[in-house]
Amino acid sequence: MPATAGDLRRMQRDLDSAARALRDARDILIITHIDADGISAGAIADMTAERLGKPHTVRFEKKISEETIELINGSREDLVWICDLGSGYLSEFTRDNIVVTDHHVPDPRWRTRQTVLDSFAGIRHLNPHSYGMDGSYEICGAGMTYLLSKAVDPSNTDLAYLAVVGAVGDFQDSGHSALVSMNRTVMGDAEANGDLVVDMDLRFFGRDTRPINQYLQFSSDPRIPGLSDNAQACLQFLDSMGIRGKSGGRWRTWSSLSADERERATEAILDMVGPEERDRVFGEMYTFPNEPSGTGLRDAKEFATVLNSCGRYDDAETGLRICRGDMSALKDAERNRTEHRRHISEAMSYIRDNHLLRERRFIQWFDAGSEIKETVVGIVAGMVLSSGECRRRIPIIAFADSEDGVKVSARADRSLVDRGLDLSQVMKTASELVGGYGGGHTVAAGATIPPDKKEEFLDIVEDLVSSQVE
Ligand code: C5P
Ligand code: ZN
């Protein structure tokens, strides 16, 4: 059900009330997630608090664990602002003066209790699901955080482009090959400022920094038949188009091609993919014209990857510095990015070479053990799903060892959501039944479960998936 004018009025009223709470706070503890959306959200909250002149600290968390809940409930700060996290665990919070700007599926227990117990008003919960919107594509965590920032001070619209990074980082543009709904409003603020240019282009990763041959070779989601994973064919393709791959001895990038070259190559590529894939291959792309070229910060997808490669390797602080415009952080980010690239490519080979992917009737799964970091296994699961090397029409579940049990990541194609799938609910229910916890979004969710419960967990997940999907 789409948001009504009444929903939007209610959201603005709640945003204004949370903005007052921020203005009234003595000091603020900001808790945010370590992924691209979380880091962008954290940066927006950080700069909002700074501009209000409030003493504040930013803390990054992989997830809401028991320790995070204790930290929040026991914190000495006057106000705790939780970004891109928290909605799934509302009923665990016992302290007053909490603001949550998140887009994960809210904790159903909290809803019931909230109607029974008015004292739960201690939490100001700002989540698109409460206002008739779907948090998996209509607005992200950084977007909700930005809306609050703008309610605090309308001149904070200079932070809108960071919310675009968050939305793209959470793949909110992938279903329509464009940002839609509330994300589009945020996008409009960034465009109006001159911080963002939106154009129609191929939607593959690495327009601004990948050598053009690799840009074509590593194209995925969807693949270009004949070019993806075929280095030789990519060189031949460029040759046949009369496009020089190098200039002055250096590889050119997709963005550096002339408009004419890009147009001809785009047409040829669109002819190579099936008609139903064309809308996924070509669509809106987001450029930040004020970021220096070659840094990986000019293109929204690449900016998000820079942040992900910091956050997922225990260095979210570097990501935060980048969002704050600190260019001296780029060197540290580059180191993280090299590590991220290496880890992802090793992870993909590990799964392939060891034939780890197993199929059941309604799901497929792999267990990466300690070979893939728990913070990255979700990204890898998504890449395996879109690699063309497995069935796209069933969800993928991945396991990786973690400190407090086994980390689970689940991903599915959006078409399954249209048929009733909700991975957030699947992860929450199945993990709780085996003594763990979890949640997330309809298309991407996760959990932590006890190590000896994997089989039982998969059985439950399969039952739930088969009962949800028509
Ligand atoms: O870790 P992963 O990328 O697989 O997480 C997918 C989504 O599920 C994220 O948005 C994450 O915040 C959410 N999640 C959750 N609870 C967990 C694990 C993941 O809500 N225990
Ligand atoms: Zn998010």
Side-chain angles (χ1 to χ4, degrees), residues 31-42 44-45 60-69 82-90 92 100-107 127-129 134-146 162-173 183 304 307-308 311-312 344 365-366 368 372-385 395-400 402-412 422-432 434-450 457:
I31 307 249
T32 192
H33 197 201
I34 50 131
D35 71 359
D37 187 27
I39 297 175
S40 314
I44 294 170
F60 292 96
E61 296 290 336
K62 282 184 202 156
K63 59 194 174 202
I64 297 277
S65 61
E66 253 163 50
E67 290 86 75
T68 325
I69 292 166
I82 311 172
C83 308
D84 192 35
L85 282 174
S87 291
Y89 303 85
L90 293 173
E92 311 282 342
V100 176
T101 44
D102 188 13
H103 65 133
H104 290 94
V105 177
D107 179 354
N127 183 305
H129 294 99
D134 182 331
S136 74
Y137 69 96
E138 295 187 79
I139 190 154
C140 62
M144 287 311 289
T145 306
Y146 166 71
L162 289 173
V164 172
V165 174
V168 170
D170 266 2
F171 299 100
Q172 298 219 323
D173 58 334
N183 274 324
L307 298 185
N308 266 323
R312 296 182 190 262
I344 296 270
W365 64 280
F366 65 85
I372 303 180
K373 279 172 83 75
E374 57 152 322
T375 48
V376 181
V377 72
I379 295 183
V380 175
M383 290 174 80
V384 172
L385 190 64
I396 186 165
I397 313 293
F399 296 116
S402 86
E403 278 165 16
D404 52 350
V406 171
K407 167 69 202 300
V408 188
S409 279
R411 298 289 187 273
D422 178 356
L423 285 179
S424 156
Q425 208 192 334
V426 171
M427 285 298 112
K428 190 166 185 70
T429 309
S431 62
E432 284 175 4
V434 299
Y437 56 91
H441 307 289
T442 48
V443 277
T448 298
I449 59 167
F457 177 79

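Just follow the structure's listing: the first ligand is 1, and inside any ligand the first atom is 1.
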TODO: Check T32, I31, V100 against C83 for a side-chain contact (heavy atoms from CB on, under 4.5 Å) and give me the one that passes.
DONE: T32

TODO: For K407, enumerate each residue passing the salt bridge (charged side-chain N to carboxylate O under 4.0 Å, His left out) test, keeping only those at least two apart in sequence or located in another chain.
DONE: none

Open item on the list: If I compare all heavy atoms of A304 with all of G169, which pair ends up nearest, and what's the gap?
Closed with: CB-CA, 3.6 Å

What side-chain donor-acceptor pairs closer than 3.5 Å can you find for residues 436-449, not counting sequence neighbours?
| from | atom 1 | to | atom 2 | distance (Å) |
| --- | --- | --- | --- | --- |
| Y437 | OH | D404 | OD2 | 3.2 |
| H441 | NE2 | H104 | NE2 | 3.3 |
| T448 | OG1 | K63 | NZ | 3.3 |

TODO: Please report the closest heavy-atom contact between H103 and H129, naming both atoms and the distance.
DONE: O-CE1, 3.2 Å

Task: Heavy-atom pair with the smallest gap, counting every atom of N183 and A167 - done: OD1-CB, 3.6 Å

- [ ] Search all heavy atoms of P395 against all heavy atoms of L423 and return the closest pair with its distance.
- [x] CB-CD2, 4.3 Å

TODO: Identify the two heavy atoms, one from I69 and one from I64, that lie closest to each other, and give their separation to 0.1 Å.
DONE: CG1-CG2, 3.6 Å

For ligand 1, list all ligand N or O to protein N or O distances below 3.5 Å, rounded to 0.1 Å.
| from | atom 1 | to | atom 2 | distance (Å) |
| --- | --- | --- | --- | --- |
| ligand 1 | 1 (O) | K407 | NZ | 2.5 |
| ligand 1 | 3 (O) | R411 | NH2 | 2.7 |
| ligand 1 | 4 (O) | S409 | OG | 2.5 |
| ligand 1 | 4 (O) | R411 | NH1 | 3.0 |
| ligand 1 | 4 (O) | R411 | NH2 | 3.3 |
| ligand 1 | 8 (O) | G439 | O | 3.4 |
| ligand 1 | 8 (O) | G446 | N | 3.3 |
| ligand 1 | 10 (O) | H104 | NE2 | 2.6 |
| ligand 1 | 10 (O) | H441 | NE2 | 3.4 |
| ligand 1 | 12 (O) | H104 | NE2 | 3.0 |
| ligand 1 | 14 (N) | G439 | O | 3.4 |
| ligand 1 | 16 (N) | Y89 | OH | 3.1 |
| ligand 1 | 20 (O) | G439 | O | 3.4 |
| ligand 1 | 20 (O) | G440 | N | 3.3 |

TODO: Identify which protein N/O/S atoms are less than 2.8 Å from the Zn ion (ligand 2).
DONE: D37 OD2, D84 OD1, H103 NE2, D170 OD2

- [ ] Identify the two heavy atoms, one from A41 and one from T145, that lie closest to each other, and give their separation to 0.1 Å.
- [x] O-CG2, 3.4 Å

